[in-house]
Structure formats: C-alpha cells, structure tokens
Amino acid sequence: MLDKILKIAKEDFRIRGVFLNGSRADSDATKDEYCDYDIVYLVENIQSFTNDKEWYKVFGEILIMQTSDDWYNEPYDYSGKENFHYLMQFTDGNRIDLTLVDTGNITWVRENKEPRKILLNKDNREELYDITSTSIYNITPPGEKEFHDCCNEFWWLSLYVAKGLCREEFLYAKIHMEHYQMPMLLKMLNWSIAVDHDFSISTGKCSKYLKRFLSKEEMQNFMALFPEGGYEAIWEKLFLQYDFFNKVAVKVAEYFGWKYDTTEFQKVIDYAREMKTNVTGREILF
C-alpha cells in the first residue's frame, strides 16, 4: 500500500510532498492489521483534486468512503483551498485516511507537531521534516478550577441519569450516563493515571490504551462501571461510578495539594439514593 501511495505521488506532478502520520508514525501506538494509513499529500492546485470525483479511485476498490469536510450542514467550499480529507476503506482490508493540503496552506504543516515520517519531498521544503516526539499526545495536568469544574459536572450530570431512571426514560438516562457523565469520569481517571507517570504518558484516542496503565483488577473494575441491562442495572452502575470517581478525584486532589469538597459528593449521592428509594415498589421494566 505504501508503494502504491508513493508511486501515485511520484507520477503526479501536482503532488509535491508526502508524509505519514497517525498510528503508523507513532512509536507508542498499537501496530496491527487494523492500522490505517494516515497520509498527507501536499499538493498544488487542490481544486483540481477536490473537483474531480474519480481521481481517488487509483488507490483500489473502495468498500465505503467518507469526505468528512463536506457534510450536509457544513458543506465544503470547492472553490477554496482548505484541507480536504478522504476516508477510504478498501475491499482488500486496507484503509487510507488521506489529507490533501494545498501548498498555499503550508502553515498548517509547519504548525502541526504530531509525529510524522516524511516519505517524499520533491521541492526540499524545509517545512517537511520528521517528527518523532509523541509528547503532544501526553495528558496535560489540570488547573485547580478545571479539576473542580470536572467534579461539579460529574455530580451534576449524575442527577440527570437518576431523573431519567425515576421516569423510566431509558435512553435519556443511558445517554446522559455514557455520553455526558462518563467523559468527566474518564478525564479524572486519566489525570489519576498521569499522576503516577509525571504527566509524561498518553492513554490514546478515546483512552484506548487504559489497560497499559491499569492492573488487571483495576481494568476489570473500570469495565464493570458500564451497565448491560435495564433500569436496575443502570442504578447499580451509577452508584459504582460515584465511588469510583470519588476515589480517583481524591488521589488527584492530594497530588496537587488541592481541597476536595466531599460535602458536595455526599449530598449528591444521598439525594440520588433518596430518588431511588422513592421509586421503590414501582414496576421497573427490565
């Protein structure tokens, strides 16, 4: 696939540079058959590519493709020179996430500090150089206000979950737990892990490398926070998340020497218990 990517670039005078980024350029990333080829083509006259609806077919037989910059409510300006992405899954199992960058937008290349490997530099541009450091992905330490806001948001959102459970509004409760409350828990958990490594590590996109930094037991405890069934299961996991969040928040606060308000935590959990008690005896749907 890399040979094909480079052959196409070498034979097309409009393509002036090529580099590899993403997981294949990241020394810390998992390497397996599922890795995408994240490729950037530095091109002259990007419009000659974006207005041609056939040129990308030279890479192979496409199973499905997405042009994420041209969405129904945010259409791409095909008369402009902004970056353009082709996300291509091929029938042979390969996938290319291809970004076109116009040479007039070379500032984007200069300012991008993600790891990359230069594969082709026809014009010997100084902006095209390898970047091996992965520090840009490292978890950054929070400020004190960010820490307290994260705590407050977690507790606040948890009562939306409880309200949805009391009303037997399944999706309302589940979505608030998994899509709004969980990111706060993950943020705190990431800070807790980074504390042990002086904030010199990354858990990856969507915290996908958590198991690298948690013991088997800790990972199992984390996975147990996600509900599998109906209302009663979500209630159970809600209270487990309360305890889990509280433990990691205490750890982070102690590391930075910040005061952690356990009063707010206790008031919220007591209120949630009262809400659950009030619906006891009602028919719960499973």
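Residues Leu42 and Glu127 form no side-chain contact, since every pair of their non-hydrogen atoms from C-beta on lies 4.5 Å or further apart. Taking the side chain as every heavy atom from C-beta outward, Gln181 and Leu185 never approach each other to under 4.5 Å. Annotation: side chain of Asn152 is in contact with side chain of Glu264 (closest heavy-atom distance under 4.5 Å). Asn21 places a side-chain heavy atom less than 4.5 Å from the side chain of Val40. Taking the side chain as every heavy atom from C-beta outward, Asp28 and Ser202 never approach each other to under 4.5 Å. Using a 4.5 Å cut-off on side-chain heavy atoms (C-beta onward), Phe256 and Pro142 make contact. In this structure the side chain of Pro227 reaches within 4.5 angstrom of the side chain of Met177, judged on heavy atoms. A 4.5 Å side-chain heavy-atom check between Val101 and Val43 finds every atom pair outside the cut-off.
The aromatic rings of Phe170 and Tyr231 sit perpendicular to each other, their planes meeting at more than 60°, with 30° as the lower class boundary. Ring pair Tyr160/Trp156 is perpendicular by interplanar angle, where above 60° counts as perpendicular and below 30° as parallel.
Side-chain atoms of Tyr56 come within 3.5 Å of backbone atoms of Lys53 as a donor-acceptor pair (strictly under, hydrogens ignored). At distances below 3.5 Å, at least one donor-acceptor pair connects side-chain atoms of Arg16 with backbone N or O atoms of Phe13. For the pair Asp92 (side chain) and Asn94 (backbone), a donor-acceptor distance under 3.5 Å is present. With hydrogens and angles disregarded, a donor-acceptor distance shorter than 3.5 Å links the side chain of Lys122 to the backbone of Ile15. Not a single donor-acceptor pair under 3.5 Å links the side chain of Lys81 to the backbone N or O of Tyr78. Judged purely by atom type and a 3.5 angstrom limit, Arg95 has no side-chain atom pairing as donor or acceptor with the backbone of Leu87. Side-chain atoms of Thr67 do not come within 3.5 Å of backbone N or O of Asp69 as any donor-acceptor pair. For the pair Tyr41 (side chain) and Ile5 (backbone), a donor-acceptor distance under 3.5 Å is present. Side-chain atoms of Asn112 come within 3.5 Å of backbone atoms of Glu114 as a donor-acceptor pair (strictly under, hydrogens ignored). Ser192 contributes no side-chain N or O that, together with a main-chain N or O of Met188, makes up a donor-acceptor pair within less than 3.5 Å.
Residues satisfying the side-chain hydrogen bond (donor to acceptor under 3.5 Å, both in side chains) criterion with Lys216, sequence neighbours excluded, are absent altogether.
The stretch residues 100-149 participates, sequence neighbours left out, in these ring-ring contact (aromatic ring centres under 6.0 Å, His included) pairs: Phe147-Trp258.
Taking CZ of Phe222 as the reference point, atom CG of Leu189 lies at 6.0 Å (rounded to 0.5 Å). Summarising the geometry, atom CG belonging to Asp270 is positioned 10.5 Å from atom OG1 belonging to Thr277; distances are rounded to the nearest 0.5 Å. Separating the CG atom in Leu2 from the NZ atom in Lys117 is a distance of 8.0 Å, to the nearest 0.5 Å. Put simply, CG on Leu225 and CG on Leu238 are 10.5 Å apart, with the number rounded to the nearest 0.5 Å. Between the CE atom of Met1 and the NZ atom of Lys4 there is a distance of 5.5 Å, given to the nearest 0.5 Å. For the atom pair CG of Asp149 and NZ of Lys187, the computed distance is 8.5 Å after rounding to the nearest 0.5 Å.
Of all heavy-atom pairs spanning Leu214 and Met219, the tightest one is CD1-SD, 3.9 Å. Shown here for Ser23 and Asp38, the closest heavy-atom pair between the two residues is N-OD2, 3.9 Å. Contact detail for Asp102 and Glu44: the closest heavy-atom pair is OD1-C, 4.2 Å. Here the closest non-hydrogen pair linking Ile139 and Phe199 is O-CD2, 3.3 Å. Across every non-hydrogen atom of Met182 and Glu178, the tightest pair is CB-O, 3.4 Å. In terms of heavy atoms, Ser133 sits closest to Pro115 at O-CG, 3.4 Å.
His85 pairs with exactly one of Thr99, Asp97, Asp70 by the side-chain hydrogen bond (donor to acceptor under 3.5 Å, both in side chains) rule, that one being Thr99.
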Exercise for review: Take Asp196 and Lys251 through the test salt bridge (Lys or Arg N to Asp or Glu O under 4.0 Å) and record every step on the way to the result.
Suggested key: CA-CA 10 Å; Asp196 296 328; Lys251 177 181 175 181; 2.8 Å; yes
**Study point:** Working for side chain to side chain contact (heavy atoms under 4.5 Å, CB included), residues Lys163 and His176
**Key:** CA-CA 10 Å; Lys163 179 169 65 174; His176 273 87; over 6 Å; no
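Note: Trp155 and Tyr242 meet the aromatic proximity criterion, with ring centroids under 6.0 Å apart. For an aromatic pair to be called close, the ring centres must be under 6.0 Å apart, and Tyr86 with Trp55 satisfies this.
Grouping Ile, Leu, Val, Met, Phe, Trp and Tyr residues whose side-chain heavy atoms lie under 4.5 Å apart, directly or via other members, places Trp71 in a hydrophobic cluster with Tyr72.
No side-chain donor-acceptor contact under 3.5 Å links Tyr76 and Thr50. Side chain to side chain, Asn83 and Asn105 meet the donor-acceptor criterion of an N or O pair below 3.5 Å. Side chain to side chain, Ser48 and Arg14 meet the donor-acceptor criterion of an N or O pair below 3.5 Å.
Salt-bridge annotation for Glu232 and Lys276: present, with a side-chain N of the basic residue lying under 4.0 Å from a carboxylate O of the acidic one.
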